Amino acid sequence: MDLYMLLLLSVCAASLNNTLLHKAALSDKKQIYCFNLGCSAVWIILLFVANKCTFHMDKEVLLWGLAYGIMQMLFFVFKTGAMTTGPVSVTTLIGNCSMLVSILLSAILWKEPIGVQQCIGIVLLLIAVFLCTDTKTDSSLSRRWVVYCIGFFLVAGVLGIVIKLFSKSWAGEKRPGDTMIVVAAVMMIVLSVLLVKEQWKTKQRSNGSRLERCHTSLMIACGILSCGYSRLNVRLTKRLPGAFFFSAFNGGVIIVAALLSVVLLKEKMTVKKSFGLVIGCLAIVVLGL
């Protein structure tokens, strides 16, 4: 399948995943940990089946699985902390602007050129992301939120590079399925520790981590979607220039999510958001030329 079609598929899967997460409305930490623990279990099942029900471990698979898995968990912790201590819309805006870190590191590590055209496309995309995100909020900004957001911004940017490094490694070339299973296992282990710690902290061992039936359905759907786009991104980061991939993916997720919020969540399409969608599409066209 064409790389650009795979990128579109990845963007749509990530956008729908974000929309379903918003619909789940998980506010309790124990529910958040339990929800993502279930998603990680879905990852392992899907990856094991996609790997023809086989699994082989060696040193490089283990090392890359640990590195990727730990970075994925750091991303989860900082994102969750930022989302739960401050305004969600502004946090989303900051998180998606982390593509600047990924683009800069790609240019440094792989000498990928960033020309005038790419710079114009990136600026247009940043404007589109800002317009598509509702930054109006009455929430007070705490120091904890600032710290979490800085971590979210940096870790999200570095995670993109870790995925790109992995895709170019021997494990990414020859054993991506095995490595991704290790990634999912690391996520499950860390999430289990966080869940037990939170239960111990609140001294409610039997309550708080259960999910309602509707949450279970959303958990399975989010597990399938997140596994799908994560697996696709391993392939895409290897084949596409960083300036294009990270801009198109992060910006595309915001644009498609804005459309899905209107269709699925019945949110109002404002003039500002509509203008942002047009500029976003133009930016992606400029980046893809």
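Counting from 1, the numbers follow the sequence of the chain as shown. Because the structure is a prediction, the values reported are computed rather than measured.
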For [X] and [Y], which heavy atoms make the closest approach, and how far apart are they?
{"X": "G223", "Y": "C39", "answer": "N-SG, 3.8 Å"}
{"X": "V286", "Y": "Q117", "answer": "O-NE2, 2.7 Å"}
{"X": "I161", "Y": "S106", "answer": "CD1-OG, 3.4 Å"}
{"X": "A184", "Y": "I44", "answer": "CB-CG1, 3.4 Å"}
{"X": "R231", "Y": "L47", "answer": "CD-CD2, 4.4 Å"}
{"X": "F55", "Y": "D178", "answer": "CE1-O, 3.4 Å"}

Whether [X] side chain and [Y] backbone form a donor-acceptor pair below 3.5 Å:
{"X": "N250", "Y": "F246", "value": "yes"}
{"X": "S167", "Y": "K164", "value": "yes"}
{"X": "S15", "Y": "V253", "value": "yes"}
{"X": "R175", "Y": "H56", "value": "yes"}
{"X": "T237", "Y": "V234", "value": "yes"}
{"X": "D2", "Y": "Y4", "value": "yes"}

Pair M180-Y68, side-chain contact (heavy atoms from CB on, under 4.5 Å): steps then yes or no: CA-CA 9 Å; M180 292 294 289; Y68 188 171; 3.5 Å; yes
Salt bridge K238-E173, side-chain N to carboxylate O under 4.0 Å: yes
Are [X] and [Y] connected in the hydrophobic side-chain network, where two residues link if heavy atoms are under 4.5 Å apart?
{"X": "L240", "Y": "L8", "result": "no"}
{"X": "V101", "Y": "V146", "result": "yes"}
{"X": "V182", "Y": "I189", "result": "no"}

Hey, could you give me the [atom1]/[atom2] distance between [X] and [Y], rounded to the nearest 0.5 Å?
{"X": "L100", "Y": "L126", "atom1": "CG", "atom2": "CG", "result": "5.0 Å"}
{"X": "E198", "Y": "L191", "atom1": "CD", "atom2": "CG", "result": "12.5 Å"}
{"X": "L16", "Y": "C222", "atom1": "CG", "atom2": "SG", "result": "8.0 Å"}
{"X": "N36", "Y": "L194", "atom1": "CG", "atom2": "CG", "result": "10.0 Å"}
{"X": "I279", "Y": "L131", "atom1": "CD1", "atom2": "CG", "result": "5.5 Å"}
{"X": "T54", "Y": "I181", "atom1": "OG1", "atom2": "CD1", "result": "7.0 Å"}

Side-chain H-bond candidate by donor/acceptor type, S10 with N233, under 3.5 Å: yes
